[in-house]
Amino acid sequence: MLSEQEINRRQKRDELMRMGIDPYPAQEVSVTHTITQLRDAFADKTGKDTQGGYEPQLNFSEQAPYDHVALAGRLMGFRIMGSASFAEMQDATGRMQLYFRRDDIAPGDDKTLYNTVFKKLLDIGDIISVEGYVFTTQTGELSVYVRQFTILNKSLRPLPVVKEVVNEQTGEKEVYDAFTDPEQRYRQRYVDMIVNPQVRDVFVKRSKLVNSIRQFLSGRGYLEVETPILQPIHGGAAARPFSTHHNSLDMKLFLRIANELYLKRLIVGGYDGVFEFAKDFRNEGMDRTHNPEFTQVEFYVAYKDYLWMMDTIEEMVEKVAIDVAGTTKVTVGENIIDFKRPWKRLTMFEAIQEYTGIDVSAMDEAGLRTVAEARGIKTDASMGKSKLIDELFGDACEPNLIQPTFITDYPVEMSPLTKKHRSKPGLVERFEAICNGKEIANAYSELNDPIDQRERFEEQLRLAERGDEEAMALDDDFLRALEYGMPPTAGVGLGIDRLAMIMTNQPSIQDVLFFPQMRPEKKADVSTDADFLAAGVPAEWLPALQKMNILTVAQLREASPNKLFNDLGGMRKKLKIDAPMPDMETVRHWTGK
RNA sequence: GAUGCUUUAGCUCAGUUGGUUAGAGCUUCUCACUUUUAAUGAGAAGGCCCUGGGUUCGAGUCCCAGAAGCAUCACCA
């Protein structure tokens with residue numbers, strides 16, 4: 001059912017067509033400038049001066065190249081005053097004021113082009129192109145004086161209208177009636193981007209971030225690769241997978257939770273360094289920092305260890321910050337995060353000692369449990385030593401690690417793919433990069449002893465038997481590859497979404513994904529006109545049923561014929577329906593009774 | 001999954017101890033207006049008050065259940 005405004009716009013579309021104006025023309029549109037190009041060209045020539053007066057007016061009606069400029073974009077506002085009007089155009093780069101004058105748009109006696117087409121048939125949201133010259137108004141606003149305009153697209157849905165004004169006292173921009181409902185913003189991201197153009201900047205930065213990493217890694221000679229997303233065995237991380245089915249092979253397949261095991265196979269195969277920007281899928285909870293599909297870049301380099309990788313990540317992320325933000329200092333919420341090298345490095349035990357004052361490195365399980373419970377952490381019998389350490393770290397340390405910090409040397413039980421520490425028993429050569437209280441990267445010296453690896457997998461199988469749904473599956477082919485021999489290798493996974501959140505100062509992962517996963521939209525069940533016609537209701541009575549909130553044939557069947565008959569009489573008057581009143585028998589027939 | 005908050009016009013929001021026909025601004029429509037800028041002035045239209053039960057003479061308002069969104073927590077990156 002269409003709203004009044006939608007009906008209105010459809011009528012305008014029809015009216016344009018009747019006038020011989022195609023509201024959806026096919027031709028290529030010639031554009032001489034983007035709006036930002038024009039603004040930049042005049043940046044030092046416009047605007048109010050500090051005394052409160054105005055700059056002298058500019059007029060480029062006879063001065064190339066600004067005597068003939070062509071712009072294209074979406075109309076975002078009108079200020080109409082009789083035979084002259086201002087309109088606001090938005091293109092991919094910014095906004096520009098347009099000036100329309102009746103006698104210039106329609107120079108002859110026929111003023112239809114201005115009075116009807118421009119003033120009556122255009123709406124906010126329509127896309128047009130204009131041709132004219134650059135000038136400034138008395139108030140100093142850079143504008144385009146339109147000689148001619150062309151409709152490129154008649155928009156049929158009203159856009160939420162966001163108004164922005166500069167407060168003269170403070171000089172700050174104030175926004176009115178902002179389109180803010182997160183559900184609508186994420187479900188209809190296109191609307192979000194039209195009316196909140198700053199949203200587009202976030203994704204431009206995200207793209208810069210990805211390019212920056214790609215340049216960094218490619219520039220060092222590492223190979224960008226692609227590996228399977230559909231995997232017969234999901235491996236490389238502890239997470240619950242999505243599963244699917246391949247019909248011709250008649251086999252179960254999983255969407256990957258990580259690409260680690262495939263990239264290591266490529267190192268076995270002889271590449272010195274490989275990386276992949278990978279969409280991974282995890283069938284787990286969703287919140288501000290988790291989306292079921294997310295992106296990470298994983299890369300693996302032969303003949304290196306985790307210490308080398310720490311230096312590399314530090315250098316890479318510092319470069320990313322400079323490329324994206326222009327500086328190593330990035331504002332995130334209330335904090336300023338500085339990615340300048342070197343970052344702080346703490347072992348996990350040192351971090352716990354720093355934030356709790358307790359040295360847990362030599363404690364047994366009972367001692368750890370006491371410390372954890374003293375901090376209000378819920379523990380149970382299934383939690384071993386490493387799990388307790390992890391909980392303690394997550395509770396006491398992680399939220400406090402705002403500046404980028406490397407946490408190193410994790411308990412072996414938590415890291416089934418990681419090489420045992422060269423000198424510290426019970427630990428592995430692993431680090432996580434923590435920033436703004438969240439993990440952004442996870443790396444290790446890769447385990448390349450196939451016998452050790454098999455034992456670690458078998459340990460995971462025992463966890464799975466005990467009901468751990470996130471335990472890793474044993475991957476025989478991966479073990480076979482390791483048995484041929486993998487050089488010592490450093491590997492890392494770095495969360496692109498998490499890093500993008502930090503670099504663009506967005507509080508939620510949904511703000512750095514164009515289309516975050518949402519519950520399906522609830523659609524009201526509505527029968528078609530044809531369904532009602534089939535039920536015997538004549539077309540002229542359909543609006544009356546709609547108005548009475550009978551939207552499905554099923555509802556019609558349940559309606560009481562007497563009440564329906566009475567209401568139809570009222571609706572006939574209210575909606576000014578010309579058709580003769582159906583008799584009681586006919587109405588009874590509609591309801592199937 | 002748990003707890004709390006929210007849901008009223010196309011958009012942003014009011015709505016009193018439960019009491020006539022549910023309001024405002026913007027948008028839309030009509031009219032006036034040749035450099036405005038949240039243009040202005042006059043007039044009009046636009047509501048399944050999230051859904052379903054219940055209490056009551058009477059529910060947008062109170063109670064119960066459900067849905068969706070948000071926040072916090074748990075799991076996870």
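Here is how names work: the chains are called A, B, and so on, in the same order as the sequence lines, proteins then strands, and each is numbered from 1. Heavy atoms only: backbone and side chains are in, while hydrogens, waters and symmetry mates are out.
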**Message:** Once you measure the plane-to-plane angle for A/F275 and A/F277, does it fall in the parallel (<30°), tilted (30-60°) or perpendicular (>60°) bin?
**Reply:** perpendicular
**Message:** Which label fits A/Y99 and A/F86: parallel for a plane angle under 30°, tilted from 30 to 60°, or perpendicular past 60°?
**Reply:** tilted
Does [X] reach a base, just sugar-phosphate, or nothing at all? Heavy atoms under 4.0 Å.
{"X": "A/D287", "answer": "base"}
{"X": "A/Q11", "answer": "nothing"}
{"X": "A/A237", "answer": "nothing"}
{"X": "A/N291", "answer": "base"}

What N/O pairs connect the protein and nucleotides 31-33 of chain B at under 3.5 Å? Give each pair on its own line.
| unit_1 | atom_1 | unit_2 | atom_2 | d |
| --- | --- | --- | --- | --- |
| B/C33 | N3 | A/G82 | N | 3.0 |
| B/C33 | N4 | A/G82 | N | 3.2 |

**Request:** List in chain and number order the residues that pass side chain to side chain contact (heavy atoms under 4.5 Å, CB included) with A/E314, two or more places apart in sequence or in another chain; answer none if no residue qualifies.
**Result:** A/D311, A/R341, A/P342, A/W343, A/R345, A/F406
Under 3.5 Å on both distances, the Watson-Crick or G-U partner of [N]:
{"N": "B/G19", "result": "B/C57"}
{"N": "B/C33", "result": "none"}
{"N": "B/C73", "result": "B/G1"}

When the [atom1] atoms of [M] and [N] are compared, how many Å lie between them, rounded to an integer?
{"N": "B/U8", "M": "B/C70", "atom1": "P", "result": "15 Å"}
{"N": "B/G15", "M": "B/A59", "atom1": "C1'", "result": "14 Å"}
{"N": "B/A42", "M": "B/C5", "atom1": "C1'", "result": "43 Å"}
{"N": "B/G18", "M": "B/G60", "atom1": "P", "result": "13 Å"}
{"N": "B/G66", "M": "B/A24", "atom1": "P", "result": "37 Å"}
{"N": "B/G52", "M": "B/G25", "atom1": "C1'", "result": "34 Å"}
{"N": "B/G53", "M": "B/A67", "atom1": "C1'", "result": "15 Å"}
{"N": "B/A68", "M": "B/C26", "atom1": "P", "result": "36 Å"}

Report yes if a side-chain nitrogen or oxygen of [X] is closer than 4.0 Å to either non-bridging phosphate oxygen (OP1 or OP2) of [N]; otherwise report no.
{"X": "A/K163", "N": "B/A39", "answer": "yes"}
{"X": "A/Q510", "N": "B/C70", "answer": "yes"}
{"X": "A/R79", "N": "B/A39", "answer": "yes"}
{"X": "A/R288", "N": "B/U72", "answer": "yes"}

Under 3.5 Å, N/O pairs linking protein and nucleotides 8-10 of chain B:
none

Charged N-O contact under 4.0 Å between [X] and [Y]:
{"X": "A/E131", "Y": "A/R147", "result": "yes"}
{"X": "A/R39", "Y": "A/E141", "result": "yes"}
{"X": "A/R369", "Y": "A/E373", "result": "no"}
{"X": "A/R256", "Y": "A/E276", "result": "yes"}
{"X": "A/E15", "Y": "A/R18", "result": "yes"}

Separation of [X] atom [atom1] from [N] atom [atom2], in whole Å?
{"X": "A/K438", "N": "B/A77", "atom1": "NZ", "atom2": "P", "answer": "10 Å"}
{"X": "A/M414", "N": "B/C75", "atom1": "CE", "atom2": "C1'", "answer": "14 Å"}
{"X": "A/E141", "N": "B/U36", "atom1": "CD", "atom2": "P", "answer": "12 Å"}
{"X": "A/D103", "N": "B/U35", "atom1": "CG", "atom2": "P", "answer": "13 Å"}
{"X": "A/Q97", "N": "B/U34", "atom1": "CD", "atom2": "P", "answer": "17 Å"}

**Message:** Counting only heavy atoms from other residues, nucleotides and ligands, does the tally under 6.0 Å from CD of A/Q198 exceed 12?
**Reply:** yes
**Message:** Can you confirm whether more than 12 heavy atoms, excluding those of A/R157, are under 6.0 Å from its CZ atom?
**Reply:** no
**Closest-nucleotide 5' rank along RNA chain B - winner of A/K12 and A/D181** = A/D181
With respect to the side chain of [X], which nucleotide from [options] is positioned closest?
{"X": "A/I124", "options": "B/U27, B/G69, B/C75", "result": "B/U27"}
{"X": "A/Y186", "options": "B/C70, B/U34, B/U36", "result": "B/C70"}
{"X": "A/Y99", "options": "B/G69, B/A77, B/U34", "result": "B/U34"}
{"X": "A/D177", "options": "B/G25, B/U28, B/A77", "result": "B/G25"}

**Message:** If stacking means aromatic ring centre less than 5.5 angstrom from the base's six-membered ring centre, planes under 30°, is A/Y176 stacked on B/G25?
**Reply:** no
**Prompt:** So, A/F86 and B/A39: ring centres less than 5.5 Å apart, planes less than 30° off, yes or no?
**Reply:** no
